[in-house]
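Below: the structure, in structure tokens.
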Amino acid sequence: MKIGYPCINRSIGCTANSTFRLANYSETNLLEKVSNNLDCLIKILKYNLDNNLLFFRISSDLIPFASHQICKFNWQDYFKERFREIGDFIIENEIRISMHPDQFVLINSNKEDVIKRSIEDLKWHCKVLDLMRLNKTAKVQIHVGGVYGDKNSAIEKFIDSYTKLPHFIKKRLVIENDDKSYSLKDCLSVSKKTGAPVVFDSFHHSCLNNGESASEAIKLVKNTWKKQDGIPMTDYSSQAPNERAGKHAPHIDIENFSKYIRETRESDFDIMLEIKDKEKSALKAIALIKNS
DNA sequence: AGTTGTCAAGCTAGT
DNA sequence: ACTAGCTTGACAACT
């Protein structure tokens with residue numbers, strides 16, 4: 001079991017998700033930001049290694065506007081060696097990597113243009129992981145998408161788009177249950193048709209479910225991860241106290257986390273902590289696991 | 001230097 | 001028909 005946190009480290013004084021406005025797009029700006037982001041990424045990974053945090057989500061801002069039509073620069077070639085070095089570090093130290101394109105990436109949209117741009121976005125995410133030479137255990141996770149008033153046909157649309165994806169995307173794409181539209185059960189049925197592994201998000205599951213306990217849920221998703229995909233990736237968070245239902249907690253609720261670990265102890269899986277204070281909570285989680 | 005408004009992209013629910 | 005909220009940090013323009 002590996003523990004990690006997404007995208008940002010708040011202790012080491014740099015960010016690997018620095019970006020700029022579209023209005024200020026220039027090759028110079030892009031080069032500067034990407035270069036800075038890659039430098040910081042390796043620093044974060046080193047910090048993580050020192051602290052036994054072996055799961056990390058790389059920010060979608062790593063290459064700003066990578067899939068936007070404005071970007072004509074061949075960053076793949078220009079930063080080839082840097083990607084390779086970072087990849088070597090990841091592989092040597094057996095760090096698990098994920099990426100999570102944001103809410104705009106929808107392969108089941110009823111607008112062809114949205115699907116097209118989403119695929120372009122998935123392409124660059126997968127390209128980065130390929131340039132790092134990471135194996136199939138490095139994943140790119142998305143939600144199933146919109147419902148458009150008819151979930152069955154929206155799922156059909158997802159399956160149809162998925163089937164047409166190039167192999168280098170398919171080998172990395174995994175789907176995550178969300179808190180409003182697509183439950184774990186929905187994701188499992190999509191997985192059955194597509195073969196895409198399912199990322200279990202425990203917090204979303206607490207918002208939207210069909211009565212499955214956490215330990216049942218983990219066992220169910222486990223079957224969707226083949227040997228080459230690695231052990232299941234999962235997302236964990238808890239409800240922010242006194243806030244709207246579905247809002248992520250600012251700090252880890254260690255009681256809640258401890259209970260989750262106890263309930264699911266018979267399975268091995270990696271945990272991404274989607275908590276606002278990032279590595280701070282991840283360190284607490286690591287300490288808890290060590291002592292349990 | 002510190003503060004505040006704004007940012008490429010879509011969907012859903014609520015008015 | 002329209003908009004706020006999602007979830008969010010960081011850029012950029014303003015004090």
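Just so we're on the same page: letters track the sequence lines, and every chain starts at 1.
Proximity note for A:K33 (side chain, C-beta onward) versus B:dG10, C:dC11, B:dA8: the nearest is C:dC11. Which of C:dT7, C:dG9, B:dG10 sits closest to the side chain of A:K276 comes down to C:dG9. When distances are taken from the side chain of A:Q103 to each of B:dG10, B:dC11, B:dA8, the shortest belongs to B:dG10. Nearest nucleotide to the A:F20 side chain, out of B:dA8, C:dA12, C:dT7: C:dA12. Among the nucleotides B:dG10, C:dC11, C:dT8, the one closest to the side chain of A:V114 is B:dG10. With B:dT12, C:dC11, C:dT7 as the choices, the nucleotide that has an atom nearest any side-chain atom of A:Y148 turns out to be B:dT12. Checking C:dT7, B:dA9, B:dG10 against the side-chain heavy atoms of A:D121 singles out B:dA9 as nearest.
Base contact: A:R21 has a heavy atom under 4.0 Å from a base atom. Backbone-only engagement by A:I8 is indicated by non-hydrogen atom pairs under 4.0 Å involving sugar-phosphate atoms exclusively. The residue A:T15 sits close only to the backbone: its heavy atoms come under 4.0 Å of sugar-phosphate atoms, none of a base. If you check every strand for non-hydrogen atoms under 4.0 Å, A:V105 touches nothing. In this structure, A:D102 reaches the bases: a heavy-atom distance under 4.0 Å links it to at least one base atom across the strands shown.
Taking the ring centre of A:F20 as origin, the terminal cationic atom of A:K33 falls outside the region bounded by 6.0 Å and 45° from the ring axis.
Contact of the A:K180 side chain with the A:C207 side chain is not registered, since no non-hydrogen atoms from C-beta on lie closer than 4.5 Å.
In DNA chain B, consecutive stretches of 3 or more Watson-Crick or G-U wobble pairs with both distances under 3.5 Å are given as paired ranges: B:1-7 with C:9-15, B:10-15 with C:1-6.
Phosphate contact (OP1/OP2 of B:dC11, side-chain N/O of A:S181, threshold under 4.0 Å): absent. Checking the phosphate oxygens (OP1, OP2) of C:dC11, no side-chain nitrogen or oxygen of A:N24 falls inside 4.0 Å.
At a threshold of 4.0 Å, the pair A:R82-A:D39 counts as salt-bridged, since one of the basic side-chain nitrogens sits closer than that to a carboxylate oxygen. A salt bridge links A:K123 to A:E120: at least one charged side-chain nitrogen sits closer than 4.0 Å to a carboxylate oxygen.
The aromatic ring centroids of A:Y236 and A:F203 lie 6.0 Å or more from each other.
Spacing between B:dA13 and C:dT7 at atom P, rounded to whole Å, works out to 14 Å.
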